[in-house]
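What follows is a single structure, written as structure tokens, with notes after it.
Since we're looking at a predicted model, the values are computed, not measured. Because only heavy atoms are used, hydrogens play no part in the values below, and waters and symmetry mates are left out as well, while side chains stay in. Chain letters run A, B, ... following the sequence lines, proteins first, then strands; residues in each count from 1.
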Amino acid sequence: MQPSPEDLSTVTVLLFAHYRDLAEDSSIELQVPTGATVRKAVALLRGLPGLDSLPSEPTVAVNREYVSLDHSLAPNDEIALIPPVAGGLFAGGVE
Amino acid sequence: MQPSPEDLSTVTVLLFAHYRDLAEDSSIELQVPTGATVRKAVALLRGLPGLDSLPSEPTVAVNREYVSLDHSLAPNDEIALIPPVAGGLFAGGVE
Amino acid sequence: MSSHIVARITAQPIRPEEILKAGSSADGAVVHFVGRVRDHNGGRSVRRLHYEAYADMAERELLSILTEVADDWDVSHVEAVHRTGTVELGETSVAIVVAATHRAAAYEASMQVMEQIKQRLPIWKREEYADGTEVWVGAVAVEM
Amino acid sequence: MSSHIVARITAQPIRPEEILKAGSSADGAVVHFVGRVRDHNGGRSVRRLHYEAYADMAERELLSILTEVADDWDVSHVEAVHRTGTVELGETSVAIVVAATHRAAAYEASMQVMEQIKQRLPIWKREEYADGTEVWVGAVAVEM
């Protein structure tokens, strides 16, 4: 069953570092089914041009707090895809 | 058998902190049998006035290096009795 | 016990000596950690670094880290500052200062702050190499 | 690998900022430890401290400690300075700085230096309390 328009919410997706390079954009407005999980939103994102190489299970923050992929989204949520961080200091797996 | 004078060596004993307070002196010239151990020198020291409360097995340095109580002394050695140190920072057993 | 906590994300150069005065005369131990841009990494010659932050989240997350650490250890002062933007060789990327009555708490708290910053702070590093190429550090984990 | 090692015993005030510049641009991590005279110990109010050193041995022993630590860890710079004489509240008793490529080595080396100083350096501390009495710290171990 297709969701009707009133069942869709708009959320803002923020992209940083190499995720932003992939998207060639730092911010994307995304339509998701109301109450969809973060996992669902990520799947939708990966369907967009250039974003199929995003990881299927990235680290995600919603409204500036880390959440699990099962977190349910509300309208106007700010979703940030968090690329692997290296402490700002050291290379990824080197340290 | 009593040692003859030529069998005695003179060593210098340095006293610090509360050991010096006990001795009321920072340095003592001590006659010990030539080749005596540090342990023997400590026993002789403890026979001096006011020094009977020195520990029988103190930490000792000879010529500015830590040694065991079984270390043999040579003439003119500089023996330092090392009171418990506290790192210069923290109280004895408190930290 | 309460601690004095300061979390800061800045695009301005960090002067480590600014945080040397942290703590009070109740503190027997102060541990400073200074992370600097080093001239090599993974065998490559590094020219400078560029840090990008999710600014709104980074300062909030840094404050969370410091608050958690102050809860875990008996410390009187926990402060951390992290650079963003372009940082030249030898400049300070991150500085942490912890003051405590006892040194063990100061060391452990400082290490925990640095470990948590490394794991959680949403700040990314792009290395610029001597040959002019640039790479996002950690990007190897992207499926591509 | 070789390390730069500096051991110093001094009757002059220690200015921690003097050692902030340690290390080179090859070093990603610098850990400073500053031990200060604190205003309380074992429940008593402390007015100031007096340090007495076996000076000839102390600097030699400090150098031995730093050399051993530099052998144990991959560090480029290990420096420590310890005060003697009268030290007022809040003044620095001991300062340690370690620079290294990686932070783990810097932290561990710094902790090891401090631990060894505490165990081995022939420097004694007399606490002067607010009530005017004075006690050699550690004197409880004397059989009296």
Side-chain angles (χ1 to χ4, degrees), chain A residues 11-28 38-39 42-69 71 73 76-95, chain C residues 9-10 14 33-38 40-44 46 49-65 80-85 87 92-96 113-127 134-144:
Chain A
V11 296
T12 302
V13 178
L14 302 182
L15 296 157
F16 297 96
H18 42 289
Y19 292 174
R20 190 194 53 234
D21 292 349
L22 292 174
E24 296 179 346
D25 210 338
S26 61
S27 172
I28 293 172
V38 168
R39 191 186 306 277
V42 170
L44 290 169
L45 272 175
R46 296 178 80 224
L48 298 180
L51 291 183
D52 56 325
S53 59
L54 280 178
S56 54
E57 301 197 335
T59 300
V60 174
V62 171
N63 301 331
R64 293 166 289 285
E65 292 207 24
Y66 289 110
V67 297
S68 80
L69 294 173
H71 179 86
L73 294 168
N76 304 313
D77 271 354
E78 179 178 288
I79 307 177
L81 265 61
I82 308 288
V85 293
L89 253 193
F90 304 111
V94 173
E95 187 67 4
Chain C
I9 307 293
T10 179
I14 297 170
F33 175 83
V34 175
R36 296 177 181 164
V37 176
R38 63 171 195 251
H40 64 287
N41 192 22
R44 299 190 68 174
V46 174
L49 296 184
H50 307 274
Y51 287 101
E52 174 182 333
Y54 179 10
D56 289 350
M57 180 175 172
E59 197 152 288
R60 173 191 179 135
E61 192 69 16
L62 185 55
L63 188 59
S64 295
I65 290 169
V81 52
H82 200 298
R83 269 296 295 278
T84 58
V87 187
T92 298
S93 307
V94 58
I96 300 168
V113 169
M114 193 55 223
E115 187 60 34
Q116 291 295 311
I117 283 177
K118 187 167 144 70
Q119 290 180 19
R120 292 163 51 181
L121 209 61
I123 296 184
W124 299 274
K125 175 168 88 170
R126 195 168 78 244
E127 288 184 337
E134 300 191 358
V135 167
W136 285 107
V137 174
V140 64
V142 184
E143 295 166 5
M144 64 181 186

Could you look at C:E61 and say if it's the side chain, the backbone, both or neither that has a heavy atom under 4.5 Å from chain A? side chain

How would you list, by chain and number, every residue that makes a side chain to side chain contact (heavy atoms under 4.5 Å, CB included) with C:R126, sequence neighbours excluded? C:H50, C:E134, C:W136

Please state whether the side chain, the backbone, both or neither of A:N63 comes within less than 4.5 Å of a heavy atom of chain C. backbone

Least distance between heavy atoms, C:A53 atom then A:F16 atom: O-CE2, 4.1 Å

How far apart are the closest heavy atoms of C:W124 and A:P84, and which atoms are they? CD1-O, 3.4 Å

Output all residues satisfying side chain to side chain contact (heavy atoms under 4.5 Å, CB included) with A:R64, sequence neighbours left out; order by chain, then residue number. A:E78, C:Y54, C:D56, C:M57, C:R60

The interface call for C:R83 against chain A, heavy-atom contacts under 4.5 Å, is neither

